[in-house]
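Structure, as structure tokens:
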Amino acid sequence: MPWWGWMLIVIAIIAILLIVLYIVGNKLQKKQAAQKETMRENAQPVTMLVIDKKMLPMKDAGLPKIVMEQTPKRYQKAKLPIVKAKIGPQIMNLICDDGIYDTMPVKGEVKAMVSGIYITSVKNVRGKQVEPQGKKSFGEKMRSKQKKYQTIYEQETKAMAISKEEKAAAKAKAKADKERAKKIKV
């Protein structure tokens, strides 16, 4: 078999892999968007005093046992942004969203939206603001990029939803105008 025959086979296999990855990626992105939407719906505003924040593996974070049992083994060793906060009289360990981890002040009061043990967003920060000192670490750069791209994605999805609603309203108006025109002719 000539060399170009082998190249065609390799190119076909790569193309099939890319198509499969695209389809799987779309499904996972839709699933993640649905999960984030349910978390936003279930989120409650809470005022908390942030005691400490660290990047810790799940087993060292002091999270409830049920969380550890429900998490797959491969994710239990991954480091998560953990915030130790005082909510009312209770001190709790909470999982923080990667995008807002850098804005959480240590030893400062925060109004945040909390869904279960997950901090989804920060509304108001009182106390010491965290000022970046010197160069950002690789993780901080990646979290800031993730936050930027996530906000762009959310804006695009909102714009698409609004445009769909506008199209539906325009169709309904056109249909009502046609019916009105028919009634006038009769």
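- Residues Ile9 and Met1 form a side-chain contact, since some pair of their non-hydrogen atoms from C-beta on lies under 4.5 Å apart.
- Put simply, CG on Leu21 and CG on Leu28 are 10.5 Å apart, with the number rounded to the nearest 0.5 Å.
- With a 4.5 Å cut-off on side-chain heavy atoms, Val114 and Met39 do not count as touching.
- The environment of Tyr149 atom OH is sparse: at most 12 non-hydrogen atoms of other residues, nucleotides or ligands sit within 6.0 angstrom.
- In this structure, Glu179 has no salt bridge (charged side-chain N to carboxylate O under 4.0 Å, His left out) partners at least two apart in sequence or on a different chain.
- Remark: Asp52 engages Lys54 in a salt bridge (charged side-chain N to carboxylate O under 4.0 Å, His left out) (not counting sequence neighbours).
- You'll find the side chain of Lys27 stays beyond 4.5 Å of the side chain of Lys31, heavy atoms only.
- In this structure, the separation between CG on Asp97 and CD1 on Ile100 is 5.5 Å, given to the nearest 0.5 Å.
- Using a 4.5 Å heavy-atom cutoff, the side chains of Val122 and Met104 are in contact.
- Distance check, rounded to the nearest 0.5 Å: OG of Ser137 to CE of Met55 gives 9.0 Å.
- With sequence neighbours left out, Gln44 forms a side chain to side chain contact (heavy atoms under 4.5 Å, CB included) with no residue at all.
- Nearest heavy-atom pair across Ala33 and Tyr153 is CB-OH, 4.5 Å.
- The two residues Ile119 and Ala112 come nearest to each other via the heavy atoms CG2-CB, 4.0 Å.
- To the nearest 0.5 Å, the span separating NZ on Lys145 from CG on Asp98 amounts to 15.0 Å.
- Shown here are the side-chain hydrogen bond (donor to acceptor under 3.5 Å, both in side chains) partners of Asn93, two or more places apart in sequence or in another chain: there are none.
- Arg180 pairs by the side-chain hydrogen bond (donor to acceptor under 3.5 Å, both in side chains) definition with Asp177, not counting sequence neighbours.
- Rounding to the nearest 0.5 Å gives a distance of 13.0 Å between NZ of Lys141 and CG of Asp102.
- A salt bridge does not link Glu166 with Lys171: every distance from a Lys NZ or Arg NE/NH1/NH2 to an Asp or Glu carboxylate oxygen is 4.0 Å or more.
- The NZ atom of Lys178 sits 10.0 Å away from atom NZ of Lys175, with the distance rounded to the nearest 0.5 Å.
- You'll find the side chain of Ile87 reaches within 4.5 Å of the side chain of Leu94, heavy atoms only.
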Can you give me every donor-acceptor pair (side chain of residues 58-85, partner residue at least two apart or in another chain, under 3.5 Å) with its distance?
{"unit_1": "Thr71", "atom_1": "OG1", "unit_2": "Val67", "atom_2": "O", "d": "2.6"}
{"unit_1": "Gln76", "atom_1": "NE2", "unit_2": "Met68", "atom_2": "O", "d": "2.8"}
{"unit_1": "Gln76", "atom_1": "NE2", "unit_2": "Thr71", "atom_2": "O", "d": "3.1"}

